[in-house]
There are 2 protein chains.
Amino acid sequence: MKQISRFSHFGELSDKDYFRIALSVDCVIFGFEDDELKVLVIKCNIKEYKGMWSLLGDLVRPDEDLDSASYRILKDRTGLDDVYLEQVQTFGKVNRHPAGRVITTAYFSLVNIKDHQLKLSDNELHWHPVKEIAEMAFDHKNILDTCLERLREKIQDHPVVFNLLPKKFSLRELQSVYEAVLNCELDRRNFRKKFFMMDWLIDLNELEEDVPHRPGKLYKFNAAKFAKKTKKVS
Amino acid sequence: MKQISRFSHFGELSDKDYFRIALSVDCVIFGFEDDELKVLVIKCNIKEYKGMWSLLGDLVRPDEDLDSASYRILKDRTGLDDVYLEQVQTFGKVNRHPAGRVITTAYFSLVNIKDHQLKLSDNELHWHPVKEIAEMAFDHKNILDTCLERLREKIQDHPVVFNLLPKKFSLRELQSVYEAVLNCELDRRNFRKKFFMMDWLIDLNELEEDVPHRPGKLYKFNAAKFAKKTKKVS
DNA sequence: TCAAAAGTGTTGGTGATACACCCATGG
DNA sequence: CCATGGGTGTATCACCAACACTTTTGA
């Protein structure tokens, strides 16, 4: 690698020192199941945090874009590749990783749990209810909280939660997702009004089946309204 | 540095390869002068972008927090240290830097231009009107646009623009900042109403001086209302 | 016929916008 | 006295929150 002359203080340390920082990506992969918001976690196998839950992450390869690294992790773990993924923040405290200097960029992702099979053999990789996670390895609890906060802001204005649901869903299911993410109860009538007003839904003229009560109508996300703005900045 | 065993694909490349990525920080330092939003830029000295404007940045040192790196840059360039600084996004395309693999985390900062002296000898370091910047070195125009967008969102709900103004300011000045940042005109009566409603201002019972018209009242930011939530996550 | 959830409208409050005139000061 | 910007109030509108009863289905 050539010398990077733009940086003012390069002379104070040798070139090699500046490459002593590793860069990783951590994915907060959210799913929705049993009326709960869940996150994909794995048992940590480094000694300092033995047995604690950690997020899915990996080092960024020298020849892959940062965004690509997060897609790779998601693909490797869930088999999914057309998923919602958003960069949230980069965490870079000196001592955040016990094994050395690792700076990590956090992404959050929204997937439909039913759409894929996990390789459950791997270190107890599984979907864990977000509400039940009190602590995690490294600074991962902090990362999770930050991503959840971002998700909460995001869903107020942007039609992203559809990624957590199957193609066809009822309004009840949609509302449950919002309630799970926001951790609050919502008024049914206002909720329905809002969504029809937004024009985010297409009525499929189908009904739920196998429910022990009056079946609700099924809808799909009005994807056509949202031209794919692929803002690839990073 | 010890082996980092948490990462799944470590075996495919040698340890050394993973430390071939350098990490930098770039600061978008905003200021306000002559009713314009300005940004602190410097002439680029690497050959591929010779003579183009670039942001102020530097490599992150192995022993400093990511946040600290951005404070260091700001301090070095402006002499200021109690300033508003916020992480925005990390840019990590493989070829974003011609000299090698450099991933950069962007921060934006808000400072009062009058509060300090620049070392103007350095590569034409100066305050440049944001509106007049059409292109920049590297992906810095993209970084600038992203930070400006973030600033626009931020000022809608958060009292941050006070950082761009002197301690005492008139409502006209405050409004000018909003108009400069948002690049639009605002209604004076509604603007005043909103700010008094918010209770963000303290009336100093002083008047502007040396203005060729009726002097306006001076205010200061009601800092007491905003307990310092130092959310240090990165 | 009962339980459980679906479906449906109206009202009041709050915050945002649009808009025009008189006032104080310096030149 | 004139030019410049400072200072003020009201009407309208859109959006949000609160709230209760009837309907449909399966058991």
message: I'd like to know if B:K194 reaches the base of C:dT17 with its side chain, counting only an N/O donor and acceptor under 3.5 Å.
response: no
- request: Indicate whether any N or O donor in one side chain lies under 3.5 Å from an N or O acceptor in the other, for B:D139 and B:N142.
  value: no
- prompt: Taking atom C1' of C:dG26 as reference, at what distance in whole Å does atom CG of B:L207 sit?
  reply: 14 Å
task: Please state how far atom OH in B:Y178 lies from atom P in C:dA16, giving the value in whole angstrom units.
output: 12 Å
- prompt: Which nucleotide in the set C:dA4, D:dA20, C:dC19 lies at the smallest distance from any side-chain heavy atom of A:H213?
  reply: C:dA4
message: What contact category does B:R188 fall into here, base, sugar-phosphate, or nothing, at under 4.0 angstrom with non-hydrogen atoms?
response: base
Atom pair distance, as rounded to whole Å: CZ in B:F196 and C1' in D:dG7: 9 Å
task: Could you state the atom-to-atom distance from CD of B:E173 to P of D:dG5 in whole Å?
output: 14 Å
task: Take atom CZ of B:F195 and atom P of D:dG7, then tell me their distance rounded to the nearest Å.
output: 15 Å
message: Mind checking if A:K217 touches a base, just sugar-phosphate, or nothing, with heavy atoms under 4.0 Å?
response: sugar-phosphate
- prompt: Given the side-chain rings of B:Y219 and B:F196, with only the six-membered ring counted for Trp, is the space between their centroids under 6.0 Å?
  reply: yes
field: Among B:K220, B:K168, B:K217, B:K167, salt bridge (Lys or Arg N to Asp or Glu O under 4.0 Å) partner for B:E206
entry: B:K168
Under 3.5 Å donor-acceptor pair, A:R192 side-chain atoms to C:dA6 base atoms: no
query: Nearest-Å distance, CG (A:L186) to P (D:dA17)?
result: 9 Å
Candidate nucleotides C:dC19, C:dT8, C:dT10, ranked by approach to the side chain of A:K193 - the nearest: C:dT10
message: I need the CE-C1' distance between B:M198 and C:dG15, as an integer number of Å.
response: 11 Å
- request: Would you confirm whether B:S109, through its side chain, and B:Y84, through its main-chain N or O, come within 3.5 Å as a donor-acceptor pair?
  value: yes
- line: Whichever of A:R214 and A:D187 has the more 5' nearest nucleotide on DNA chain D, that residue is A:D187
Separation of atom CG in A:D210 from atom C1' in D:dA27, rounded to whole Å: 14 Å
Distance-only donor-acceptor test (3.5 Å): side chain A:R189, base C:dA6: no
- prompt: Is the backbone N or O of B:D67 less than 3.5 Å from a side-chain atom of B:Q87, with the two atoms forming a donor-acceptor pair by type?
  reply: no
